[in-house]
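Okay, so here's the structure we're looking at.
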2 protein chains.
Amino acid sequence: MKSPLEKARKNPESMKARILAAARRIFGEYGFHGTTTRMIAKEVGIDISTLHYHWGDKNDLYEAVVMDVNNDLGKEFLNLEKIVHTSTLEERMNIALDRMTDYLFDHPEVSNLVLFRYFSKTRNEVDIDFKVPEFSGNIAHAMGLTKDAKNPLSRAMMEVMIIMNGMHSFVSGENYFRSMLKLDRKNYIDLVKETLKFILIPAFVLREEKMKKGRSRPSSKMTQEKKKSKVKPS
Amino acid sequence: MKSPLEKARKNPESMKARILAAARRIFGEYGFHGTTTRMIAKEVGIDISTLHYHWGDKNDLYEAVVMDVNNDLGKEFLNLEKIVHTSTLEERMNIALDRMTDYLFDHPEVSNLVLFRYFSKTRNEVDIDFKVPEFSGNIAHAMGLTKDAKNPLSRAMMEVMIIMNGMHSFVSGENYFRSMLKLDRKNYIDLVKETLKFILIPAFVLREEKMKKGRSRPSSKMTQEKKKSKVKPS
DNA sequence: TTTTGATTCCATCAATTGATTGAATGGCTA
DNA sequence: TAGCCATTCAATCAATTGATGGAATCAAAA
């Protein structure tokens, strides 16, 4: 027997799936308490009783939405991992940031829902977090952040989270930031990418530099190509 | 005649001020729709009609909270500016990140409310943003990010926002992240500072390096004081 | 003391909200 | 056709929520 979520994903035209999609959007915009089941039903064009028939109560639906979004995000990370094998660290980060940013701007409710889960409490003690796998650990591992002993897992996970939060913030805050900067969407997205790369990449590249020099083993082409900008170990 | 907000700030023991303080906490935790006026009244230990007597309706109170938090944040930026004149860019950023992080961890509702304003919509179209001055521009200027022609205002503001958002995220997400990493509060805060500094500082230091080399013209005091910085020109 | 004004709470309302019931609807099979 | 089952909706509930009116309280002024 499949879970309701799997059923809904199987046929995107089904009522179950249409409700879930609408719920993602609305919950993403207004948060749990800011969303009423009527808002979702109206978005789909159905009665609330139909919504409850398919998804149970509001908490159940919200839980399904969170799982669904998390699932999508997980898939996206897998795809990313496949693409990003090659080249230097700098190049890998460039590609990953580009791709991930594009994905999130195409699915802003993903960022919205992730941030809601991080930052806000729900009045009723719905504890769905224990069901939601956290990717930070995996990503940290995939990025090779946990390879050196000086960088324990929690530190590596923090580094992943600051990267992810940077992206999520600019995606979720698009309305706010964009109207502040008076930019159109395309220019905003370009500026986001530029800023993310400018801020996030150097730290990692420099550390890699240091580590390699520390070992005094110039192995990859990475060391050579970065000769021109380096920090002297203090 | 003073504004209600000024009155409340004048005497922290007054009912007006106590309600405002409670409202900051509760709105910060649960967001606008997640908060009921009864929750705030209960926190203070009063009846809801007393709350409405002092602050009008829920929107008015929320507006006052946002203005209050924004005001505090502005003051904190001013204090920071006074302290942070000296030393190298790297040192200035170290101090600023330390101080700002401490402040936000001491007043987490500030981060919460800022993020709520950035990321979530309110069902009723309360448009208080036009009243809320945005500091990003000032900070960008104070940090000297707008001095070179290559870095237009919007780019500089994005850089400020990624810094602020990094701090806000770790403060607001403390519960979530800390339980994920299984750290106590002190260790978490230390790790946050370490991570923020590791990620955020190198990009700016490197850029400053490059600019100086590019111009090969030591003009302002900024440029001179950096001679002894840790970053060695290759 | 009486009066005045500010403050607080109790009782109550109307609207909203989450949720259910039971009656239709329509497709499928025996 | 009749029976069965899944789906949908109108009607309705009970609880919650934002908000108000009016009585009670209290301190300072007259």
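Chain letters run A, B, ... following the sequence lines, proteins first, then strands; residues in each count from 1.
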- Note on the structure: The answer to which of Y53(A) and T37(B) contacts DNA chain D further toward the 5' end, by nearest nucleotide, is Y53(A)

- Within the distance-only criterion (no hydrogens, no angle test), does the side chain of S111(A) pair as donor or acceptor with the backbone N or O of L104(A) below 3.5 angstrom? no

- Message: Using modelled atom types and a 3.5 Å cut-off, is there a donor and acceptor pairing between side-chain atoms of K58(B) and backbone atoms of F32(B)?
- Response: yes

- Message: For dT7(C) and T50(B) - does any side-chain N or O of the residue sit under 4.0 Å from the phosphate oxygens OP1/OP2?
- Response: no

- Can you check whether M180(A) reaches S136(B) side chain to side chain, under 4.5 Å on heavy atoms? yes

- Check: Y118(A) ring centre within less than 6.0 Å of F170(B) ring centre: no

- Go through DNA chain D in 5' to 3' direction and return only the first and the last nucleotide with some atom under 4.0 Å of chain A's heavy atoms. dA6(D) to dT17(D)

- Query: Roughly, in whole Å, what's the span from NZ in K16(B) to P in dT7(C)?
  - Reply: 8 Å

- May I have the distance from H54(A) (atom NE2) to dA19(C) (atom P), rounded to whole angstrom? 16 Å

- Given W55(A), F27(A), F116(A), the one that forms ring pair (Phe, Tyr, Trp, His ring centres under 6.0 Å) with Y62(A): F27(A)

- Query: Across the strands shown, which category fits S49(A) at heavy-atom distances under 4.0 angstrom: base, sugar-phosphate, nothing?
  - Reply: base

- M15(B) CE to dC9(C) C1', in whole Å, measures 11 Å

- Message: Could you tell me how far apart K42(A) (NZ) and dG18(C) (P) are, to the nearest whole angstrom?
- Response: 15 Å

- Cut-off 3.5 Å, side chains only: do R123(B) and Y30(A) have a donor facing an acceptor? no

- Under 4.0 Å between any heavy atoms, over every strand shown, what does I48(A) touch: base, sugar-phosphate, or nothing? Just pick one. base

- Could you tell me the separation between the NZ atom of K58(A) and the P atom of dT20(C), rounded to a whole number of Å? 14 Å

- Task: Return the value, rounded to whole Å, for the distance between atom CZ of R38(B) and atom C1' of dC10(C).
- Result: 12 Å

